[in-house]
Amino acid sequence: MANTVVKVKLARDLRAKNKSEAAELRSLFKRHGVCVLNILGSPGAGKTTLLEESLPKLSTDLRIAVIEGDLYTARDAERLAQSNIQVVQINTEGGCHLDAPMIGGVAHELPLSQLDLLIIENVGNLVCPAGFDLGEDATAVVLSVTEGDDKPEKYPQVFREADVILLSKTDLLPYVPFNLPEVRDVLYSLNQKAPVLELSAIKGDGFVSWLDWVRQLVEQKRGETHGCESARAR
């Protein structure tokens, strides 16, 4: 009897469930008029410190809540709660990213209709989070100068899909081997639409541009929501 070779096609979209739930989340957020920003970056890139510095300034005119993603502990969530905003913790317990079902599982804990901006601080990782839509309006990627200047070329997808790229810890540039002009060139080759903003939380440098960018994002969302409401009224 001749040997038989059976070919099995694995064409099934393994992220189909996430895509479906992300679409539902996007509709939910749109109905409530809340803008959603997903923040990605490596462990130690400075995501939480960025938010510690940003939240008190943004909350003067925006109603904000945060979903905090971490493998374990609520330490970062406790830090951010000092800004007197609501923070919901998600512990993935070993998972390397947040996904849409996780966000959907905690969305009911938030007063969405009373929010202007929902910030999701994703699990520290430059690989897995890039592949999972969370129903967000925009993605910010944080790259610290202490990580080395090879990261954009080694992990291009996350930078290619970003809406804004934040170079953090720039006060350390004199002390680390980080070729800033070269990194800017690489980032531009990967993504010509995303502004690249240089930040130092220690010195406060660059925060005006970053906060302006966030506020413009929220205003854009408001315009889209009001436009939909006007269309329905007609």
Side-chain angles (χ1 to χ4, degrees), residues 22 35-55 57-58 62 64 66-69 76 80 96-98 117-221:
C35 181
V36 182
L37 175 62
N38 185 14
I39 298 184
L40 283 66
S42 297
K47 300 184 297 299
T48 307
T49 300
L50 170 75
L51 291 179
E52 280 184 312
E53 295 298 315
S54 302
L55 292 173
K57 300 176 178 66
L58 290 171
L62 297 176
I64 308 172
V66 173
I67 294 176
E68 177 64 41
D76 289 351
L80 298 181
C96 59
H97 61 274
L98 297 177
L117 176 63
L118 172 60
I119 297 176
I120 301 170
E121 183 181 347
N122 218 309
V123 177
N125 193 325
L126 284 177
V127 183
C128 302
F132 287 83
D133 185 358
L134 305 181
E136 70 267 33
D137 293 290
T139 299
V141 177
V142 182
L143 170 66
S144 73
V145 302
T146 56
E147 294 176 69
D149 49 20
D150 60 348
K151 292 300 180 291
E153 290 181 293
K154 292 176 70 175
Y155 307 101
Q157 182 182 355
V158 69
F159 295 100
R160 188 177 290 123
E161 298 178 359
D163 295 287
V164 63
I165 299 169
L166 308 175
L167 298 179
S168 66
K169 308 183 184 181
T170 55
D171 54 291
L172 297 178
L173 277 171
Y175 313 106
V176 294
F178 189 91
N179 190 325
L180 182 57
E182 184 176 300
V183 169
R184 279 189 163 276
D185 287 345
V186 171
L187 290 173
Y188 186 76
S189 71
L190 293 171
N191 186 339
Q192 297 181 20
K193 68 179 176 63
V196 179
L197 307 179
E198 299 176 23
L199 300 174
S200 169
I202 296 296
K203 293 187 175 182
D205 296 343
F207 272 81
V208 171
S209 297
W210 157 241
L211 299 177
D212 285 347
W213 185 90
V214 175
R215 289 190 171 98
Q216 288 170 12
L217 179 69
V218 174
E219 284 302 315
Q220 178 182 341
K221 179 72 173 186

Could you tell me the separation between the CG atom of Leu187 and the CD atom of Glu182, rounded to the nearest 0.5 Å? 10.5 Å
For the pair Lys221 and Asp137, find out whether any cationic side-chain nitrogen is under 4.0 Å from an anionic carboxylate oxygen. yes
Determine whether more than 12 heavy atoms belonging to other residues, nucleotides or ligands lie under 6.0 Å from atom NZ of Lys193. yes
Is any side-chain heavy atom of Glu153 closer than 4.5 Å to a side-chain heavy atom of Val186? yes
Are side-chain heavy atoms of Leu173 and Phe178 found at a separation under 4.5 Å? yes
Quick one: pull up CD1 in Ile119 and CD in Glu68 and give me the separation to the nearest 0.5 Å. 10.5 Å
Between Glu147 and Ala45, the two heavy atoms sitting closest are OE2-CB, 3.5 Å
Just checking, any donor-acceptor pair under 3.5 angstrom between side chains of Thr170 and Glu198? no
Among Leu37, Asp163, Asp133, which one satisfies side-chain contact (heavy atoms from CB on, under 4.5 Å) with Thr139? Asp163
Non-hydrogen side-chain atoms of Phe207 and Leu50 separated by less than 4.5 Å: yes
Among Leu166, Thr49, Leu167, side-chain contact (heavy atoms from CB on, under 4.5 Å) partner for Val142: Leu166
I'd like to know whether Val36 forms a side chain to side chain contact (heavy atoms under 4.5 Å, CB included) with Leu134, so could you lay out the CA-CA distance, the side-chain angles of the two residues, the decisive distance to 0.1 Å, and finally the verdict. CA-CA 9 Å; Val36 182; Leu134 305 181; over 6 Å; no
Heavy atoms of Val145 and Lys169 approach each other most closely as CG2-O, 3.1 Å
In short, Pro177 meets Asp149 closest at the heavy-atom pair O-OD2, 3.8 Å
Does Pro152 reach the side chain of Val183, with side-chain heavy atoms less than 4.5 Å apart? yes
Output yes when a side-chain donor or acceptor of Asn191 lies under 3.5 Å from a complementary backbone atom of Ala162, and no otherwise. yes
Taking Ser42's backbone N and O only, do any of them form a donor-acceptor pair with Lys47's side chain (distance below 3.5 Å, no angle check)? yes
Inter-residue atom distance Leu217.CG - Asp212.CG, 0.5 Å rounding: 12.5 Å
Minimum-distance pair of heavy atoms, taken over all atoms of Gly41 and Leu126: CA-CD2, 4.1 Å
Nearest 0.5 Å, what's the CG-NZ distance between Leu211 and Lys57? 7.0 Å
Heavy-atom side-chain proximity of Val218 to Leu58 below 4.5 angstrom: no
From Leu197 atom CG to Trp213 atom CH2, the distance as rounded to the nearest 0.5 Å: 8.5 Å
Looking only at non-hydrogen atoms, find the nearest pair between Cys128 and His97 and report the distance. CB-ND1, 3.5 Å
Is the number of heavy atoms from other residues, nucleotides or ligands under 6.0 Å of Leu180 CG greater than 12? yes
Short side-chain to backbone donor-acceptor contact, Arg215 and Leu62, under 3.5 Å: no
Quick one: does Glu53's side chain get under 4.5 Å of Leu199's, heavy atoms only? no
Ignoring hydrogens and angles, state whether a donor on the side chain of Ser200 or Asp205 is under 3.5 Å from an acceptor on the partner side chain. no
Assess whether side chain to side chain contact (heavy atoms under 4.5 Å, CB included) is satisfied between Leu143 and Phe159, documenting all intermediate values. CA-CA 9 Å; Leu143 170 66; Phe159 295 100; 4.1 Å; yes
How long is the straight-line distance from OH of Tyr188 back to CD1 of Ile165, given to the nearest 0.5 Å? 12.5 Å
For Ile120 and Leu98, the nearest pair of non-hydrogen atoms, with its separation, is CG2-CD1, 3.6 Å
Going by atom types only, do Thr48 and Glu121 share a side-chain donor-acceptor pair under 3.5 Å? yes
Under 3.5 Å, side chain of Ser54 to main-chain N/O of Leu51, donor-acceptor pair present? no
